Amino acid sequence: MNGNTVKILNVSGEAKKIIEKIDSTKLLNLDNKNCSRMELFLFALALGVESGIETELTKTDTLVRAEYLSTKNEAYLYSVFISELSDSGDLDKINDIGNVYRKAQQYANTGFKLIEGMMEKAENVVQLELLQELDEMYEEYAI
């Protein structure tokens, strides 16, 4: 892929089913009436990045088309890619949009599996777990 590549964020068919469950259960208000698909993708991406696991996509399905990607959204995708380049890494690799989007999609795919695991718990338990993570991150970075 080059700079003229159509920018589309895909998810696996399995993740698409998880998204349908999110919409029907309204888990954490991540359903499509309360949360844009891009915001949901970024949430899943963050969960995947935190886990450190990239999961290949199977039977891909479009989630976010180019017209819904803002510069700010793309900055998140690029920051994930750049953060994993070694110090001696070739920064020219960021010119390949396909690599940047592939990594983001794989992390998000992992994140959707983690969200599916959240669905097995009571929502207030999930909320408390997320708040605890925020507290731990605050202590790690702010203190």
Side-chain angles (χ1 to χ4, degrees), residues 1-138 140-141:
M1 293 182 149
N2 59 34
N4 297 327
T5 301
V6 177
K7 300 173 183 177
I8 296 174
L9 291 172
N10 294 307
V11 293
S12 69
E14 186 178 315
K16 196 71 165 186
K17 290 177 185 173
I18 295 167
I19 292 168
E20 290 170 6
K21 286 182 190 175
I22 291 168
D23 288 342
S24 67
T25 63
K26 299 182 182 345
L27 176 75
L28 299 173
N29 286 334
L30 295 172
D31 58 288
N32 60 354
K33 290 184 181 174
N34 294 303
C35 179
S36 74
R37 297 291 93 161
M38 188 66 219
E39 292 169 330
L40 178 59
F41 182 89
L42 292 174
F43 180 64
L45 171 64
L47 292 173
V49 168
E50 182 184 6
S51 77
I53 300 169
E54 297 176 49
T55 305
E56 290 289 328
L57 277 68
T58 56
K59 298 181 184 177
T60 60
D61 200 348
T62 299
L63 182 65
V64 181
R65 294 188 318 260
E67 59 265 25
Y68 298 106
L69 289 169
S70 69
T71 303
K72 186 177 179 181
N73 298 148
E74 278 197 296
Y76 293 130
L77 306 182
Y78 277 89
S79 67
V80 168
F81 186 81
I82 291 169
S83 71
E84 294 193 358
L85 289 176
S86 65
D87 289 336
S88 61
D90 183 10
L91 283 180
D92 288 335
K93 291 179 181 179
I94 64 173
N95 289 327
D96 188 344
I97 296 170
N99 285 335
V100 174
Y101 277 54
R102 189 175 309 106
K103 182 172 285 295
Q105 292 170 153
Q106 289 174 346
Y107 273 132
N109 199 36
T110 300
F112 282 114
K113 289 178 185 229
L114 294 171
I115 292 171
E116 183 178 38
M118 291 177 186
M119 296 174 125
E120 297 170 3
K121 302 175 184 177
E123 187 165 351
N124 62 340
V125 171
V126 174
Q127 290 171 340
L128 289 173
E129 288 174 349
L130 291 172
L131 283 172
Q132 183 178 0
E133 279 188 58
L134 281 173
D135 286 345
E136 290 169 2
M137 293 172 101
Y138 178 78
E140 181 180 345
Y141 294 110

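Keep in mind the model is a prediction, meaning the values are calculated, not measured. Hydrogens, waters and symmetry mates are skipped; everything else that's a heavy atom, side chains included, is used.
Side-chain contact, Tyr101 with Glu74: a donor N or O sits under 3.5 Å from an acceptor N or O.
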Full working for side-chain contact (heavy atoms from CB on, under 4.5 Å) between Tyr78 and Ile97: CA-CA 9 Å; Tyr78 277 89; Ile97 296 170; 3.4 Å; yes
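Closest heavy-atom contact between Gln127 and Leu28: CG-CD2, 3.5 Å. Ala104 and Leu45 get closest at one heavy-atom pair: O-CD1, 3.5 Å.
In the displayed structure, Met137 atom CE is contacted under 6.0 Å by at most 12 heavy atoms of other residues, nucleotides or ligands. Around CD of Glu136, the count of heavy atoms belonging to other residues, nucleotides or ligands within 6.0 Å exceeds 12.
Taking CZ from Arg65 and CD1 from Ile8, the interatomic distance works out to 8.5 Å, rounded to the nearest 0.5 Å. Atom CG of residue Leu57 and atom OG1 of residue Thr110 lie 9.0 Å apart, to the nearest 0.5 angstrom. The NZ atom of Lys103 sits 12.0 Å away from atom CD1 of Ile82, with the distance rounded to the nearest 0.5 Å. The CD1 atom of Ile19 lies 12.5 Å from the CG atom of Leu27; values are rounded to the nearest 0.5 Å. Interatomic distance, CG of Asp135 versus CG of Leu128, reported as 10.5 Å (0.5 Å rounding). Separating the CG atom in Leu69 from the CG atom in Leu9 is a distance of 5.0 Å, to the nearest 0.5 Å.
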Please report, to 0.1 Å, the donor-acceptor pairs under 3.5 Å made by any side chain of residues 37-44, with sequence neighbours excluded.
from	atom 1	to	atom 2	distance (Å)
Arg37	NH1	Asp23	OD2	3.2
Arg37	NH2	Asp23	OD1	3.0
Glu39	OE1	Ser36	N	2.9
Glu39	OE1	Ser36	OG	3.4

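Looking at Glu56 and Asn109, their side chains never come closer than 4.5 Å, going by heavy atoms from C-beta outward. Contact annotation: the side chain of Leu130 approaches that of Met118 to within less than 4.5 Å [non-hydrogen atoms, C-beta and beyond]. For the pair Met119 and Ile22, the minimum side-chain heavy-atom distance is below 4.5 Å. Counting heavy atoms from C-beta on, the side chains of Phe81 and Lys93 come closer than 4.5 Å. Under the 4.5 Å side-chain criterion, counting only non-hydrogen atoms from C-beta, Leu63 is in contact with Phe112. In this structure, Glu50 and Leu114 have side chains that are not in contact, with every pair of non-hydrogen atoms separated by 4.5 Å or more. You'll find the side chain of Thr58 stays beyond 4.5 Å of the side chain of Glu14, heavy atoms only. With a 4.5 Å cut-off on side-chain heavy atoms, Val64 and Asn73 do not count as touching.
A salt bridge does not link Arg102 with Glu54: none of the charged nitrogens is closer than 4.0 Å to a carboxylate oxygen.
Without hydrogens or angle criteria, Glu116 side chain to Ile18 main chain gives no donor-acceptor distance under 3.5 Å. Formation of a donor-acceptor pair under 3.5 Å by the Lys16 side chain with backbone atoms of Thr62 is found in this model.
Annotation: salt bridge (charged side-chain N to carboxylate O under 4.0 Å, His left out) contacts of Glu123 (sequence neighbours excluded): none.
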